[in-house]
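One structure below.
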Amino acid sequence: MSHLFGSWSSILLFHVVVFVTPQSGRSTFTAELMTLGYVYNDSGASLAYLGPGLDVAVEEVQRTYHGVINFRHTYLIDRNILDCTALADSTEYMLSKWWYGPRLIANFTAFVGPQCLETREVNRLLSLWNVAFVTTISGDPILRDKTFSPTSLSTSSLTTISYAHLFQTILQRYNWRNIFAVFDIMSVISYQIYGSAILARLTRHAGFVMTQRKLDFRTKAQYLSALSDFKDVSRVCLFFGHAQRLRQFLVYASKEGMTNGEYVYLAMELNPSPLLGNLTWRYGDASDQIARAAFQSLLVIQPPTESVIGSVKIRKLEREFMRRTVEDFGLPIPKKPVNALLAANYAAVLIVAIVLNETLSRDSSFPFSNGREFARLFRDRGFHTDVADIYIDHVGERQPNLTVAQFDRDSGELTPRLLQLADLSRVLELSLLRWPSGNGAPPPNTPLCGYRNERSSCQGSATSWTQGFGVIGAFVSCLIGVRLVFLLKKRLFAKDRKASDFWLDATWLHSPPSGRCCFTSSLVRLCYY
């Protein structure tokens with residue numbers, strides 16, 4: 001990889017250039033792929049870890065289409081930018097410098113690569129300039145609106161529409177309408193983006209009643225407060241946040257008696273990554289057994305395992321990816337070098353090359369500099385790549401397969417139960433969902449007596465029993481009192497007065513006869529001469 005410095009000191013342009021001698025009598029079509037980003041070793045969007053997927057793919061398509069298409073790959077990087085926020089603040093300046101500054105003009109230009117918080121600004125400028133935009137991570141809902149995003153495509157395995165559709169399907173399948181959502185605001189921004197998109201979809205559909213809390217979970221009190229609020233309004237909790245805080249949330253829920261089968265918890269896994277935490281009950285601490293039992297009440301929406309680890313081909317490239325991270329970017333070997341995000345970057349270059357070659361073969365006069373027209377060529381079609389079979393929907397967004405997984409009560413392992421197909425047409429049952437309730441049934445939307453035992457039928461029943469026991473207790477107490485009074489009277493007044501029998505006037509409908517002294521309580525009447 002050669003390194004070329006731009007006209008401004010802080011921005012580097014890294015070029016991957018492979019020049020191929022064109023076949024005689026035929027000019028070579030030039031395609032320039034641009035990638036905006038940053039390099040930092042602790043971020044899931046870092047080009048240090050995702051860039052090798054782009055680089056290897058560019059070299060592969062260069063070999064595949066040699067003599068027909070000449071690919072040039074350029075990274076647009078500011079060496080001072082270390083995170084998503086800084087990149088978003090500098091995006092307009094960096095892209096404008098590239099667009100209006102001196103640059104090589106190609107037959108075709110597209111921005112390809114991962115995005116973080118800068119998605120909307122990149123999309124705005126590239127739409128204005130009519131440049132093709134292929135994002136490999138972002139699931140920003142604005143990309144589905146072709147009025148604002150006419151040149152955008154997405155090869156990301158993480159799309160809000162797929163997750164939102166499956167969440168809605170599960171909730172409707174079990175008739176869960178009252179929903180309590182928890183946002184962990186200390187987690188990566190992706191959870192808030194996806195969670196908000198899911199709630200927006202549910203809110204648009206009549207019948208769902210939504211309650212949400214946003215917490216940083218710094219103290220035990222916050223966990224307990226959220227659980228208390230949850231118990232008062234719902235039995236279905238959607239948790240959007242870090243896996244470790246999800247585990248702690250379920251541990252506290254167990255201690256509050258809220259993992260007994262009357263409650264259900266739904267979470268999402270975007271991609272196995274240290275940034276997102278380790279989604280398991282097994283942490284090797286004193287709470288493991290509590291967590292294992294509590295995780296029986298958890299459903300996890302996630303990509304199928306095979307789509308996360310990648311294909312056999314990309315697994316073989318794993319060592320090469322790690323080598324490039326170290327040698328090209330000077331960062332340590334990543335803990336999990338192959339994941340869905342890396343595969344999505346690899347696939348993005350492959351499908352762009354496929355469409356370019358197809359279109360050149362079919363119509364060499366096609367306006368390749370027109371990003372809007374080029375983006376339309378991807379919609380409503382599938383692509384077979386070394387990574388996976390990829391389906392792009394009618395607005396240019398990849399729709400992946402997703403599963404509903406559950407921790408198996410016997411093995412303790414996360415096991416797929418349901419599969420949503422990429423085209424959203426069906427949800428297939430892979431294995432039987434097992435509920436922790438005593439009757440083996442999923443929890444109802446509303447408990448029999450309501451969330452706070454507020455239903456009148458339950459109140460009437462409880463009141464009747466209470467009153468019944470009260471009457472019986474009062475009656476027995478009065479009988480004992482009658483006997484005690486009788487014995488006392490007999491001893492004190494036996495010589496002077498004629499002791500009379502005491503009687504219980506149960507009817508309480510007439511006044512006592514003349515000459516009698518009576519004691520009256522709420523239930524009994526005691527009379528003596």
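Computed from a predicted structure; not experimentally measured. The figures here come from the full heavy-atom set of this structure, side chains too, leaving out hydrogens, waters and symmetry mates.
- For the atom pair SG of Cys116 and CD1 of Ile137, the computed distance is 7.5 Å after rounding to the nearest 0.5 Å.
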Inset, instruction - Go through the steps for Ile185 and Leu215 under the test side-chain contact (heavy atoms from CB on, under 4.5 Å), then give the verdict. - result: CA-CA 6 Å; Ile185 61 174; Leu215 303 167; 5.9 Å; no
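- Screening residues 437-451 for salt bridge (charged side-chain N to carboxylate O under 4.0 Å, His left out) gives no qualifying pairs among residues at least two apart or on separate chains.
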Legend entry - Evaluation steps, side-chain contact (heavy atoms from CB on, under 4.5 Å), between Val182 and Phe217: CA-CA 11 Å; Val182 176; Phe217 291 113; 3.3 Å; yes
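- Note: Thr119 OG1 to Glu121 CD = 11.0 Å, rounded to the nearest 0.5 Å.
- A donor and an acceptor atom, one from each side chain of Gln420 and Asn401, are nowhere located under 3.5 Å apart.
- Listed by chain and number, the residues in a side-chain hydrogen bond (donor to acceptor under 3.5 Å, both in side chains) with Asp393 are Arg144, Gln399 (sequence neighbours excluded).
- A distance of 7.0 Å separates CD in Glu397 from CG in Leu143, rounded to the nearest 0.5 Å.
- Scored by the side-chain hydrogen bond (donor to acceptor under 3.5 Å, both in side chains) test, Thr259 finds no partners at all (sequence neighbours excluded).
- For Tyr75 (side chain) and Gly51 (main-chain N/O), a donor-acceptor pair under 3.5 Å exists by modelled atom type.
- Atoms CZ and CD1, on Arg381 and Ile390 in that order, are 11.5 Å from each other to the nearest 0.5 Å.
- In this structure, the side chains of Arg235 and Pro444 stay at 4.5 Å or more apart for every pair of heavy atoms.
- The side-chain hydrogen bond (donor to acceptor under 3.5 Å, both in side chains) check on Lys146 picks up Ser152, with sequence neighbours excluded.
- For the residue pair Arg292 and Asp410, the shortest heavy atom distance occurs at NH2-O, 2.9 Å.
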Inset, instruction - Take Leu47 and Ile77 through the test side-chain contact (heavy atoms from CB on, under 4.5 Å) and record every step on the way to the result. - result: CA-CA 9 Å; Leu47 292 178; Ile77 298 172; 4.1 Å; yes
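- The ring pair (Phe, Tyr, Trp, His ring centres under 6.0 Å) test with Phe239 is passed by exactly one of Tyr263, Phe249, Phe230: Phe249.
- Looking only at distances, no side-chain donor or acceptor of Ser127 sits under 3.5 Å from a matching main-chain atom of Ser149.
- Put simply, the side chain of Ser225 never gets that close to the backbone of Ala221: no donor and acceptor are under 3.5 Å apart.
- Checking Ser162 against Thr159 by side-chain atom types alone, a donor-acceptor pair falls below 3.5 Å.
- Side-chain contact of Gln115 with Thr135: a donor-acceptor pair under 3.5 Å is present, judged by distance alone.
- For Arg324, the salt bridge (charged side-chain N to carboxylate O under 4.0 Å, His left out) criterion is met by Glu59, Glu320, not counting sequence neighbours.
- By the 4.5 Å heavy-atom criterion applied to side chains, Asp288 and Arg282 are counted as neighbours.
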Pair up each side-chain donor or acceptor in residues 425-433 with any protein partner under 3.5 Å, not counting sequence neighbours, and list the distances.
unit_1	atom_1	unit_2	atom_2	d
Ser425	OG	Asp423	OD1	2.7
Ser425	OG	Asp423	OD2	3.4
Ser431	OG	Pro416	O	3.0
Ser431	OG	Arg417	NH1	3.1

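- Closest approach of Phe407 and Thr280 over heavy atoms only: CZ-CA, 4.0 Å.
- In this model, no donor atom of one side chain and acceptor atom of the other lie less than 3.5 Å apart for His394 and Asp380.
- Side chains of Met268 and Gln302 form no contact here, defined as non-hydrogen atoms less than 4.5 Å apart.
- Using a distance-only test at 3.5 Å, with no hydrogens or angles considered, no donor-acceptor pair links the side chain of Thr403 to the main chain of Ala405.
- Sequence neighbours left out, not one pair with a member in residues 162-172 passes salt bridge (charged side-chain N to carboxylate O under 4.0 Å, His left out).
- In this structure, Tyr163 and Tyr194 have perpendicular ring planes: the angle between them is above 60°, well past the 30° mark.
- The backbone N or O of Trp281 lies less than 3.5 Å from a partner atom in the side chain of Arg247, making a donor-acceptor pair.
- Closest approach of Gly396 to Arg379, counting heavy atoms only: N-CG, 3.7 Å.
- Here the CG atom belonging to Leu414 is positioned 10.0 Å from the CG atom belonging to Asp408, to the nearest 0.5 angstrom.
- Ser287 places no side-chain N or O within 3.5 Å of a backbone atom of Ala291 that could act as its donor or acceptor partner.
- Residue pairs meeting the salt bridge (charged side-chain N to carboxylate O under 4.0 Å, His left out) criterion with at least one partner in residues 82-94, sequence neighbours excluded, are Glu92-Arg124.
- Listed for the Gln406 side chain is no donor-acceptor partner under 3.5 Å among the backbone atoms of Leu298.
- Closest approach of Val264 to Pro443, counting heavy atoms only: CB-CG, 3.9 Å.
- Taking the centre of each ring, Phe240 and Tyr191 stay at or above the 6.0 Å mark.
- Between Glu262 and Lys231 there is no salt bridge, since none of the side-chain N atoms of the basic residue sits less than 4.0 Å from a carboxylate O of the acidic one.
- Note: Trp176 and Phe167 fail the aromatic proximity criterion, with ring centroids not under 6.0 Å apart.
- The closest donor-acceptor contact from the side chain of Ser90 to the backbone of Ala86 lies under 3.5 Å.
- Residues meeting the side chain to side chain contact (heavy atoms under 4.5 Å, CB included) test with Gln244, sequence neighbours left out: His242, Tyr283.
- In this structure, Ile351 and Phe378 have side chains that are in contact, with non-hydrogen atoms separated by less than 4.5 Å.
- Between the side chain of Asn445 and the backbone N or O of Arg177, at least one donor-acceptor pair lies under 3.5 Å.
- In terms of heavy atoms, Phe148 sits closest to Asn123 at O-ND2, 3.0 Å.
- Applying the side chain to side chain contact (heavy atoms under 4.5 Å, CB included) rule to Ser156 yields the partners Ser154, Leu158; only residues at least two apart in sequence or on another chain are considered.
- Remark: Thr219 OG1 to Gln222 CD distance equals 4.5 Å, nearest 0.5 Å.
- Take Glu327 and apply the side chain to side chain contact (heavy atoms under 4.5 Å, CB included) test, not counting sequence neighbours, and it matches Arg323.
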Inset, instruction - May I have the step-by-step check of side-chain contact (heavy atoms from CB on, under 4.5 Å) for Met322 and Thr325, ending in yes or no? - result: CA-CA 5 Å; Met322 291 190 290; Thr325 292; 5.6 Å; no
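- Contacts of Ser196 classified as side chain to side chain contact (heavy atoms under 4.5 Å, CB included), with partners at least two apart in sequence or in another chain: Phe183.
- The minimum heavy-atom distance linking Glu60 with Tyr346 is given by the pair OE1-OH, 2.7 Å.
- In this structure, the side chain of Thr136 engages the main chain of Gly113 through a donor-acceptor pair within 3.5 Å.
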